[in-house]
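Worksheet: the structure to be examined is printed underneath.
Sequence lines set the chain letters: A, B, ... in the order given, protein chains first and strands last, and positions in each chain run from 1.
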Number of protein chains: 2
Amino acid sequence: MPTHYNGTAREKRALNAWIKFKRAGITLGSRIGDSLRTFNLTESQFAVVELLYHLGPRNLSEISEKLLCTGGNLTTVVDNLEKQKLAKRIPSKTDRRQYEIHITQKGKKQIEKLFPAHLRRIVDEFSVLSASEQEEFSRLCKKLGLGNTNKNK
Amino acid sequence: MPTHYNGTAREKRALNAWIKFKRAGITLGSRIGDSLRTFNLTESQFAVVELLYHLGPRNLSEISEKLLCTGGNLTTVVDNLEKQKLAKRIPSKTDRRQYEIHITQKGKKQIEKLFPAHLRRIVDEFSVLSASEQEEFSRLCKKLGLGNTNKNK
DNA sequence: TATTGTTATACTCTATAACTATA
DNA sequence: TATAGTTATAGAGTATAACAATA
């Protein structure tokens with residue numbers, strides 16, 4: 001979808017980049033998300049379980065920080081994971097306000113079964129880019145994600 | 001968030017690119033989405049109204065094709081736009097199964113009020129990249145979005 | 001007082017399948 | 001028979017604000 005907007009070159013460049021970015025996000029997201037849905041996991045749920053698998057137990061605050069979502073939200077996602085017995089809450093011994101969220105054995109097995117196919121899918125999607133293009137792409141995404149935090153606008 | 005995954009260089013490269021991509025999508029999306037929410041528009045609703053504004057009336061099939069969502073889904077989004085009187089359904093004269101979705105005067109005003117700020121936000125977010133980086137980024141996103149459609153894997 | 005997490009509330013999105021009306 | 005769109009259904013995510021328990 002071209003922009004159909006008559007702005008300055010600078011505006012058109014940014015708008016075009018944003019649109020391409022969003023569309024790539026939708027299409028890749030749905031292609032990659034499909035491979036998760038066959039395991040009865042939503043992307044949010046997968047993100048949490050995968051984080052626990054690779055980083056170990058974390059409390060809700062830490063997870064919400066990593067995954068950039070609100071606390072009340074994460075309660076729901078973790079609730080749904082507990083229903084599926086893929087994660088569990090364990091009260092913290094040091095701070096009785098906190099829970100540590102742990103991945104369960106079933107969750108580990110699920111990730112181990114699912115991750116290779118998931119990874120294959122990702123490698124496949126990115127194989128349209130050369131190695132150096134992928135690296136450049138990562139670099140640009142990172143820069144965009146960090147934003148102009150030190151520009152103090 | 002680094003990948004914490006010990007795979008081949010190829011796998012790590014793709015996984016890293018995917019994670020950076022997703023995170024940039026979340027952070028940029030929320031920063032840019034905020035500017036829409038102040039106008040009581042969700043991103044989906046904005047996408048539809050903006051499309052109608054810039055491309056003119058379209059029927060539901062055409063919109064769902066452009067925005068990559070399902071039909072039943074779009075019914076809901078357009079319903080919500082009609083409630084806000086930002087869009088309206090007009091029965092097609094040539095094919096009585098179809099509706100043309102039109103933007104309303106109120107919708108046009110809304111876009112005209114909202115779009116400059118929205119655009120400024122996007123230009124600002126992308127200003128962390130140089131002009132040529134933005135162009136390279138668009139190119140890479142486009143390539144990713146199209147996927148390996150002619151690889152017939 | 002501040003923090004961790006839950007609850008309550010309410011809405012939006014999303015998909016699927018069955019359905020209506022029309023072509 | 002096929003197509004355009006709605007309806008019904010159901011679930012998942014999202015945010016906000018008020019709240020309880022603990023620090």
Looking for any heavy atom pair under 4.0 Å, which part of the strands does [X] touch: base, sugar-phosphate only, or nothing?
{"X": "B:T42", "result": "sugar-phosphate"}
{"X": "A:R37", "result": "nothing"}
{"X": "A:T76", "result": "base"}

Thinking salt bridges, do B:E135 and B:R139 make one under a 4.0 Å N-O criterion?
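Salt bridge: no.
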
Does a side-chain N-to-carboxylate-O contact under 4.0 Å join B:E82 and B:R89?
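Yes.
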
Using whole Å, what does the distance between atom [atom2] of nucleotide [N] and atom [atom1] of [X] come to?
{"X": "A:D95", "N": "C:dA2", "atom1": "CG", "atom2": "P", "value": "17 Å"}
{"X": "B:L60", "N": "C:dT20", "atom1": "CG", "atom2": "C1'", "value": "15 Å"}
{"X": "B:N59", "N": "D:dT6", "atom1": "CG", "atom2": "C1'", "value": "15 Å"}
{"X": "B:L67", "N": "C:dT12", "atom1": "CG", "atom2": "C1'", "value": "16 Å"}
{"X": "B:F46", "N": "C:dC13", "atom1": "CZ", "atom2": "P", "value": "14 Å"}
{"X": "A:I26", "N": "C:dT14", "atom1": "CD1", "atom2": "C1'", "value": "13 Å"}
{"X": "B:Q45", "N": "C:dT12", "atom1": "CD", "atom2": "P", "value": "6 Å"}
{"X": "B:N73", "N": "D:dA12", "atom1": "CG", "atom2": "P", "value": "16 Å"}

Looking only at side chains, do A:S44 and A:T42 share a donor and an acceptor under 3.5 Å apart?
no

Does a side-chain N or O of [X] approach OP1 or OP2 of [N] to a distance below 4.0 Å, or not?
{"X": "A:T70", "N": "D:dA15", "result": "yes"}
{"X": "B:S61", "N": "D:dG5", "result": "yes"}
{"X": "A:R97", "N": "D:dA23", "result": "no"}
{"X": "B:T75", "N": "D:dT7", "result": "no"}

For this output row, return yes or no: ring centroids of B:H118 and B:F46 closer than 6.0 angstrom.
yes

Aromatic ring proximity, centroids under 6.0 angstrom, A:Y53 and A:H102
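Centroid separation for A:H102 and A:Y53: 6.0 Å or greater.
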
I want to confirm an ordering. Mapping B:G72 and B:Q98 to their closest nucleotides on DNA chain D, which one lands closer to the 5' end?
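The residue closer to the strand's 5' end, by nearest nucleotide, is B:Q98.
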
By nearest-heavy-atom nucleotide on DNA chain C, the more 5' of A:E62 and B:S44 is A:E62

B:R96 side chain: which of D:dG13, C:dT22, C:dG5 is closest?
C:dT22

